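Notes follow the structure.
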Number of protein chains: 2
Amino acid sequence: MTSQPLARAGGERQRDADRTKAEILQVAQREFARHGYAGARVDEIAERTRTTKRMIYYYFGGKEQLYIAVLEKAYTEVRAAERTVDVAHLAPVEAIRTLAELTFDHHDAHRDFIKLVGIENIHEAEHIRKSEVLANLGTPVLDLISRILDAGQESGDFVTEADAIDVHMMISAFCFFRVANQHTFGALFGRDMTAPEHRARLRTMVGELAVAYLRGAGAPA
Amino acid sequence: MTSQPLARAGGERQRDADRTKAEILQVAQREFARHGYAGARVDEIAERTRTTKRMIYYYFGGKEQLYIAVLEKAYTEVRAAERTVDVAHLAPVEAIRTLAELTFDHHDAHRDFIKLVGIENIHEAEHIRKSEVLANLGTPVLDLISRILDAGQESGDFVTEADAIDVHMMISAFCFFRVANQHTFGALFGRDMTAPEHRARLRTMVGELAVAYLRGAGAPA
DNA sequence: CGAAACTAACTCACTGGTTCGTACATTACA
DNA sequence: TGTAATGTACGAACCAGTGAGTTAGTTTCG
């Protein structure tokens, strides 16, 4: 009873199909993130959808292609979010600090994506490599960091001659680890890094870390 | 023909069993690290061993118990290695720098362990929690860091009032990420963080990062 | 216009291979 | 002789993937 067959105009079938595909992708993302590639069950995904397993094969072709489609969607969304970042108008120190905190927030908000990245690394990125969409998805963040680094050198705020990829790596590492490894870290050290009482402190810390490094304070005396 | 039955003395059977168990654990670690928990195959493990699948069930009880045994062995070895670290005789700045570099080397040398940690986090540490051995395996590293931090405050080298767990987390994050995420990072940014031409620079960087942070250079001007 | 041909979306029932785990017989040994 | 260790074969569930046909819109064309 969701729609009256007689009233359905031209493009509705197509729109239904798109909606179904989107629903499958969403459910599949959850299933893959929760159980890993091998642990995910196509039947389970089908059951949590308004469609059937047959349709998953009809639309995506197979489990692996579905998984790749999930990765493509997740990565694409992340890149889209990154493009909205604008810190160019800030002074170098504030720009880096803000970028670090935005990265922190971003990781905090996209737990499933973090897990997919972790899963993909266990498989040594074999699926990402099969995707043409993701093949050369360099990121604008690197350009941004480069520009901030140059400005900082120019102004004298930054002393360390840092590499943009290294800086991006460092910030990502901190933010990624906090979310991805929260469970084993919590089990071993009795601290939930994602708990509210630690969140704000760690968020500030990642910015200070980046700034301290770029100011050159770590070099041997 | 590996041993003469008639010449075998008392404890040899036991020693054979221990050796077989150890062999199973080693092969299983590899299999689990490569394919994840669900992706690992008990038959595959058995085939790569001088034993049969029957013996795996005889010794360990099941796939999950075998996996937990692998985790216990891996974590125990890591902790044993950590206990050999001695930087207490160094000045605070050098102690932190050395500790960071040792952590770096350690992650660099134990790729399978890194993968197991990643896998365990995907499963939200459900298996670690089932293990009594690993339940409260706090680490001596925290005490070490605490002492270094105190000494640094005392001597005036460190200005930031840092938390030992946070510092450990930061260093681990950097080292862990470089190894664990090398594949997706490489695919997206075209740089292999584990390649020789980047290794030394990043190794130095993690020490400088920690020192710069503790010296308080990241605080707002 | 209206029927027939066409096509996308969808259902149902099924299969072949895989995979964890075990029953049972057998051997080595104290 | 009794107990621990081991080999062989098998079963039952699971699970990715498919064959074959149906429904309902869309296009073509007399």
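What you see is a predicted model, and the numbers here were worked out from it, not measured in a lab. These values consider heavy atoms only, across backbone and side chains, with no hydrogens, waters or symmetry-generated copies. Each chain gets a letter, A, B and so on, in the order its sequence line appears, and its residues count up from 1.
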Between [atom2] on [N] and [atom1] on [X], what's the gap in Å once rounded to a whole number?
X: B:R50; N: D:dG7; atom1: CZ; atom2: P; value: 12 Å
X: A:Y58; N: D:dT23; atom1: OH; atom2: C1'; value: 12 Å
X: A:M55; N: D:dA16; atom1: CE; atom2: P; value: 18 Å
X: A:E47; N: D:dC14; atom1: CD; atom2: P; value: 12 Å
X: A:I56; N: C:dT11; atom1: CD1; atom2: C1'; value: 14 Å
X: A:K21; N: C:dA8; atom1: NZ; atom2: P; value: 12 Å

Hey, does A:M205 have a side-chain heavy atom less than 4.5 Å from the side chain of A:L202?
->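 Of all side-chain heavy-atom pairs linking A:M205 with A:L202, at least one is under 4.5 Å.
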Using a 4.0 Å cut-off on protein heavy atoms (strictly under), produce a 5'-to-3' string for nucleotides 18-26 of chain C with B for base contact, S for backbone-only sugar-phosphate contact, and - for none.
-> -SBBBBB--
Cut-off 3.5 Å, no hydrogens considered: what does the side-chain donor-acceptor table look like for residues 30-41 of chain A, sequence neighbours left out?
residue: A:E31; atom: OE2; partner: A:R41; partner atom: N; Å: 2.9
residue: A:Y37; atom: OH; partner: A:E64; partner atom: N; Å: 3.4
residue: A:R41; atom: NH1; partner: A:A38; partner atom: O; Å: 2.9

Please check if the side chain of B:N121 supplies one atom and the backbone of A:H183 the other of a donor-acceptor pair under 3.5 Å.
->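 Present.
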Could you report the tightest heavy-atom contact between [X] and [Y], atom names first, then the distance?
X: A:C175; Y: A:A100; result: SG-O, 4.2 Å
X: B:H127; Y: B:L71; result: CB-CD1, 4.1 Å
X: A:F176; Y: A:G118; result: CZ-N, 4.3 Å

Do any side-chain nitrogens or oxygens of B:T52 fall under 4.0 Å of OP1 or OP2 in D:dT6?
->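 For D:dT6, neither OP1 nor OP2 has a side-chain N or O of B:T52 closer than 4.0 Å.
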Give one of base, sugar-phosphate or nothing for A:Y59, where a contact means two heavy atoms less than 4.0 Å apart.
->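 It contacts sugar-phosphate atoms only.
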